[in-house]
Amino acid sequence: MPTILVADDEAITRHLIINALANAGHDVLGAKDGGEALSLARQHNPDLILLDYFMPHIDGATALKRIRQDPTIRDTPVIMLTTANQRNHIVRLAKHGIDGYILKSSFEVEGLISRIDSVLNKPDSEAHDRKQPTKTSTANADYVPKNVNEILAEIPPLITGKQVLAPIRQHTDLVPIGPLAAHVANVIQNKSASASELVDIIQLDPAMTVRILVESSTADKTESAKCDSLESAVVRLGMDKVKAIATDMIGDNPFNESLDFQGADFPMLWEHSIICAVTASQIVAHSGGSTTEIQAAYLAGLLHDVGRSLFAQTIPTYALVIDAAKKYRLPLQTIERHMVGIDHTAVIDENPLLKQLPESIKATIFYHHQSISKIQQAKPNHLRVITTVALADRFAHAMMLSVNGNDFVESTIEYAELLGLKPDAISKAIRSVPQHVNRLKMLLMNCDIDVKWSEYHMPWQNYLNKPLNSVYLSDEPAFDAHHLFFNSISVSDDNQPPNLAAVFIDTFSDPTELSDKLLQIESEFDIDPLPLLLMSPDGKLGLDADLVNQRPVIRVPEFMHVFDLIDCTQTLLSVSNKQHAQADRTALFHSADHEQ
């Protein structure tokens, strides 16, 4: 088995990593500083070294430099562990030859093991540029992924849909987020607080928002009596009633600092919903929408995944469902239907609380994963709000501002075109999202420092074996979620030429026009043909044959898990531009196996 040396002066971190790697079948050595790491490395000649950047006596950078100067261990792959995300640190390390770096503050065990395995499994010719600089690798032409049915056959169902529905049909008390509940409690205790202040806080929490909207409905429960904005619901109920509802939901302990129901943790159930809500409302705002339309888009975006909160509070083993979706890189709703018999969008009419929501919100919850054609056929009356949230949801995934256990990138051009959006409006809306979400996060967490969004990008950037500086081409890049994704994982440097081309092409695209654009970019930078990641609806469309034949190419479908896109990107980054290799990668799942 491979031997891995873990050097970290923090005992808790060191032992956590050692135990995780040992459980994964590796032989592991531990060192508490750079000096001990050098001694153990020379003694045992490990297959890979995990080296902490900040250590006493001999730090990670110094240890790395000495490793590279020692002929007995100079070719050993090294991954740096660091809490520093400043680019100058990484540049300094790169000069001495590293195989990647991982932020200790944001890595997950599964991601760490995958990163290690990817380095250990590299062909010798690409293990290190300094080892055999004249050799190159090829794109993986032999990769044949399993189909969905084969993958699901490996996953045992947990319970049936009937067993799930019983508690869902009885559950009428969604639980609010702890930190938010504490803020609401403070506002309630402040007698001078206005209704707008209370709305500003409550609209951050899906559970409280649902309760207020439902309580504001009149006794006849007709659709016309339902409020489709939180402001109107608060006005209808009155401050005293709203405070009473909030107090009842908060309970006796409003200062619980976390939301952790069956493994569905705070970032999964809150950050993505907030980002989707803000993105949807900003799309409407920058497209000239009215205040009412902006509020409706925000609410629908906030509540689009409330079914997951319901699952987390009623299914004791829901963490296993989320873990399976991550492990097998399949859509969460596909795994949910297999493991528990129903997915989180389909429970909207099964729960007595959620079924009282306005029809536009219920329709959005149910259809936000669906294709444009299905949305048009099923809910033409609510087409605009559903499509806006569906677009915002896909943008939220692609921007990599959070993770939620259902991390896919897919085409968004159809959704944007159906809404009649203008490229400039989309660009402005997207640029505004981080600032607005930062403000909401600071309001919720009561913190005084800016949230570092790059922390979400860094684990994905770290997974690549070299920095990505990509060029992206499609018919409508401003509308394209793939464009956002590659912007998110690229470390843009205007002084460096691109090292990968990503192109999205569909049946309406002009292959010759896109080919000419790519050739023009390569000519302007005076570089060899770039490795090409070619995306299309079925993963089979292409550019001009002459252009494709002169470079490494991987073809992929438009609907891909983030890790699969990263893997394909990493493979291409490992391929020499001068090598004429080509690989086709087929779809991981057939269109019938997800909501497209």
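Predicted, not measured: the structure shown is a model, and the values here were computed from it. All heavy atoms count here, side chains included; hydrogens, waters and symmetry mates do not.
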Should Ile155 and Leu152 be marked as a side-chain contact (heavy atoms from CB on, under 4.5 Å) after you check the CA-CA gap, both sets of side-chain angles, and the distance that decides it? CA-CA 5 Å; Ile155 308 172; Leu152 295 180; 4.3 Å; yes
With no hydrogens and no angle check, do the side chains of Tyr318 and Glu336 hold a donor and an acceptor under 3.5 Å apart? yes
Taking the side chain as every heavy atom from C-beta outward, state whether [X] and [Y] have any atom pair closer than 4.5 Å.
X	Y	value
Asp8	Leu50	no
Asp343	His369	no
Ser273	His304	yes
Ile274	Leu302	yes
Ile67	Leu38	yes
Asp567	Arg329	yes
His44	Leu29	yes

Identify, with sequence neighbours excluded, every residue that meets ring pair (Phe, Tyr, Trp, His ring centres under 6.0 Å) alongside Phe504. His482
Who pairs with His483 by ring pair (Phe, Tyr, Trp, His ring centres under 6.0 Å), at least two apart in sequence or on another chain? Tyr472
Apply salt bridge (charged side-chain N to carboxylate O under 4.0 Å, His left out) to Lys327 and list each qualifying residue two or more places apart in sequence or on a separate chain. none
Return the set of residues passing salt bridge (charged side-chain N to carboxylate O under 4.0 Å, His left out) with Arg42 (not counting sequence neighbours), or none when no residue passes. Asp70
Closest contact, heavy atoms only, [X] versus [Y]:
X	Y	value
Pro46	Thr76	O-CG2, 3.5 Å
Ala392	Cys276	CB-O, 3.6 Å
Thr209	Asp205	OG1-O, 2.8 Å
Ala398	Ala481	CB-O, 3.1 Å
Met339	Leu320	CE-O, 4.1 Å
Met208	Ile202	CB-CG2, 3.8 Å

How would you list, by chain and number, every residue that makes a side-chain contact (heavy atoms from CB on, under 4.5 Å) with [X], sequence neighbours excluded?
X	answer
Ser470	Leu468, Phe486, Ser490, Leu500
Ala325	Leu332, Ile335
Ser281	Ile294, Tyr298
Ala396	His272, Ile275

Going from [atom1] on [X] to [atom2] on [Y], what distance comes out if it is rounded to the nearest 0.5 angstrom?
X	Y	atom1	atom2	value
Asn487	Phe485	CG	CZ	11.0 Å
Arg68	Ile98	CZ	CD1	9.0 Å
Met80	Phe54	CE	CZ	9.5 Å
Asn469	Leu573	CG	CG	10.0 Å
Ile489	Leu484	CD1	CG	12.0 Å
Met535	Glu558	CE	CD	10.0 Å

Please answer whether the main-chain N or O of Thr3 pairs with a side-chain N or O of Asp47 as donor and acceptor at a distance below 3.5 Å. yes
For Gly35, is there any backbone N or O sitting under 3.5 Å from a side-chain donor or acceptor partner on Ser39? no
With side chain to side chain contact (heavy atoms under 4.5 Å, CB included) as the test, pick out the partner of Ile17 among Leu112, Ile4, Val28. Leu112
Taking salt bridge (charged side-chain N to carboxylate O under 4.0 Å, His left out) as the cut-off, I'd like each qualifying pair that reaches into residues 13-35, sequence neighbours left out, listed once. Lys32-Glu36
Side chain to side chain donor-acceptor pair (under 3.5 Å) against Asn406, all qualifying residues, sequence neighbours excluded: Gln333
Check the pair Leu5 / Leu48 against side-chain contact (heavy atoms from CB on, under 4.5 Å), numbers first and verdict last. CA-CA 6 Å; Leu5 171 60; Leu48 183 143; over 6 Å; no
Mind running side-chain contact (heavy atoms from CB on, under 4.5 Å) on Ile315 and Thr317 for me, showing each step along the way? CA-CA 6 Å; Ile315 304 176; Thr317 52; 3.8 Å; yes
Test log, rule side-chain contact (heavy atoms from CB on, under 4.5 Å), inputs Ile73 and Asn45: CA-CA 6 Å; Ile73 55 175; Asn45 194 18; 4.0 Å; yes
